[in-house]
Protein chains: 2
Amino acid sequence: MEATIKENVFKTIGEHLSDEECEAFSELPFQKSYARKTIIADEGKVCKYVYFITKGAAYSYYINEDGDKNVIQFAIEGHWITDQYSFFSGKKGIFMIETLEDCEMLVFSKESIDNLCRGSHRIEHFFRILVQNAFAALQYRLTKTNSETAESRYLEFAELYPHFLNRIPQYLIASYLGIRPQSLSRIRKELSEK
Amino acid sequence: MEATIKENVFKTIGEHLSDEECEAFSELPFQKSYARKTIIADEGKVCKYVYFITKGAAYSYYINEDGDKNVIQFAIEGHWITDQYSFFSGKKGIFMIETLEDCEMLVFSKESIDNLCRGSHRIEHFFRILVQNAFAALQYRLTKTNSETAESRYLEFAELYPHFLNRIPQYLIASYLGIRPQSLSRIRKELSEK
DNA sequence: CGATTACGTTCACATAGGTTAAGAAATGAC
DNA sequence: GTCATTTCTTAACCTATGTGAACGTAATCG
């Protein structure tokens, strides 16, 4: 288990923890399997866990007043996923999290993250850097959303996450890009005609 | 100075530091004034500082290939502003930061943030929480950008930041919302006719 | 103070992407 | 394998926002 944590979790930011810290880390999460299309966090309920995916794929989304699904984030092996807002505030969630494939996850409760961070400065540091990088990436994504056409956002997505294209249904990619499935289909057609 | 830091900086997340920690914190930044319309961080150069605004207003933006300005963030008294990506990675910046009004700022270098965090677990914790909250807010903003009309985004902006409406030129608000100044003008006209 | 520039408004027209609807293709259940 | 369901594609039409240009007013600066 320690090896799994060390390999999977810590390589995600390339920091090294001592064996002791690593052990503290590895005692806290529990491992869990979820079947494909399982909802693991539900809008309106408090999101009590952070999930680190060791196998499979999942995504988070929210549903607006019109009933449209809006994809926030995709996550595959080596990625973290949660409803940040709900998880950290303890207030009711705004996002759903659902598996796309059968998944293996490491599940961390808020208490375990808090204990880990309280108990080890370096683990707290690890999480700070993790969130910081996520923030910078999200800021970049927002600028693109605000200033580029759907076509160029799709091209950038395809370049950035080529392995997602085969694994994730197109209508979810469309939603992630902020457009309708029909529009993505049209864009793909135009691109293939060029 | 300690009082200023304690009052200004720490009230922003409602955590309390010991006097000792507070003192460590207050020794590191320097205070600086900037005139209106001063560019304090420049795209293409490394962004070496995090700014905490104690007076005035500023904003960050980037300029795309077509030469359009794209506003990322507004910041007034009590807010932090920086080019996160550049600041933390040490790579060349992607955003500009410019003052909107004459400003007073507390300026933190990367070394000072790193030293503060290394030297005090609680300060590291402070910054983790700070970034976490910013991340959750940004994620929420992105979902709105992806799924709502410009009109409803404007209404939400006006409700969330009523004090910004008077202080910030409309063409910058338009850019923040991802639309053109003419479109915002049209939207405002339609709203006033309702 | 007047000159100049920056900002906001309006309008006519263009276009990206949304909508609705239908059918084709792929996937999954039995 | 067959049937049902989910996903993808296409097309005709619609709407929100972009574009370019003109004009008025407010802010800024000499």
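Every chain is numbered from 1, with letters handed out A, B, ... down the list of sequences.
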Per the under-4.0 Å heavy-atom filter, residues of residues 149-169 of chain B near DNA chain C come out as B:Pro169
Tell me every residue that passes side-chain hydrogen bond (donor to acceptor under 3.5 Å, both in side chains) with A:Thr38, counting only those two or more places apart in sequence or in another chain. none
Within one Ile-Leu-Val-Met-Phe-Trp-Tyr cluster: B:Leu142 and B:Phe135, side-chain cutoff 4.5 Å: yes
Could you tell me the boundaries of the chain B footprint on DNA chain C, defined by atoms under 4.0 Å from its heavy atoms? C:dC7 to C:dC11
Check: B:Asp83 side chain, B:Phe95 main-chain N or O, donor-acceptor pair, under 3.5 Å: yes
Is there a path of hydrophobic side-chain contacts, each under 4.5 Å between heavy atoms of I/L/V/M/F/W/Y residues, joining A:Ile179 to A:Tyr59? yes
Ignoring hydrogens and geometry, is there a side-chain-to-backbone donor-acceptor pair from A:Glu77 to A:Ala57 under 3.5 Å? no
For nucleotides 27-30 of chain D, print each protein N/O atom paired with a nucleotide N/O atom at under 3.5 Å, atom names and distance only.
| unit_1 | atom_1 | unit_2 | atom_2 | d |
| --- | --- | --- | --- | --- |
| D:dT28 | OP1 | B:Arg36 | NH1 | 3.3 |
| D:dT28 | OP1 | B:Arg36 | NH2 | 3.2 |

Below 6.0 angstrom between ring centroids: does that apply to A:Tyr176 and A:Phe157? yes
Under 4.0 Å from any atom of DNA chain D, heavy atoms only: list the residues of residues 184-193 of chain B that qualify, in numerical order. B:Arg186
Note the angle between the end axes of the helix from C:dC1-D:dG30 to C:dC30-D:dG1, five pairs defining each, rounded to 10 degrees. 60°
Donor-acceptor pair, side chain of A:Ser112 and main chain of A:Phe108, under 3.5 angstrom: no
